[in-house]
Colleague: 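Following this message is one structure expressed as structure tokens.
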Amino acid sequence: MENDRLREKVAKLLQKHGCSRVQKSVFVAANLHPKHLDKLKTAAMGIISKANLSPQDSLLLIPLPEECVRMATVIGGANIILAATQEAPLKILI
């Protein structure tokens, strides 16, 4: 999203719903219960539908099942997925 104010509003919503910020516009929420995901989608659509989006703006929500989290490999010191899940053991290559 190009609009920083809108991006920050959506970021706060995502964090409120258990998402962890990985980059400026990238969040991870592993093992999000389907009911919580539906609530998140509804709330995000409410915010975004009121905004004046440019054609380049979008919000992409990708469910991340537990088995995918366990298969993830993090290269580097910042284990972003483990920080987001606080549980799943991951392979860490440094």
Colleague: Could you measure the distance from the NE2 atom of His17 to the CG atom of Leu14? Nearest 0.5 Å is fine.
Modeller: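 One finds 8.0 Å between NE2 of His17 and CG of Leu14.
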
Colleague: So which heavy atom on Phe27 is nearest to which on Gln15, and how close?
Modeller: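 Heavy atoms of Phe27 and Gln15 come nearest at CE2-CG, 3.9 Å.
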
Colleague: Which donor-acceptor pairs under 3.5 Å do side chains of residues 35-50 form with protein atoms, sequence neighbours excluded?
Modeller:
residue : atom : partner : partner atom : Å
Thr42   : OG1  : Asp38   : O            : 3.0
Ser49   : OG   : Met45   : O            : 2.9
Ser49   : OG   : Gly46   : O            : 3.2

Colleague: Does any non-hydrogen side-chain atom of Lys12 lie less than 4.5 Å from one of Glu8?
Modeller: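 The answer is yes, as the side chains (C-beta and beyond) meet within the 4.5 Å cut-off.
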
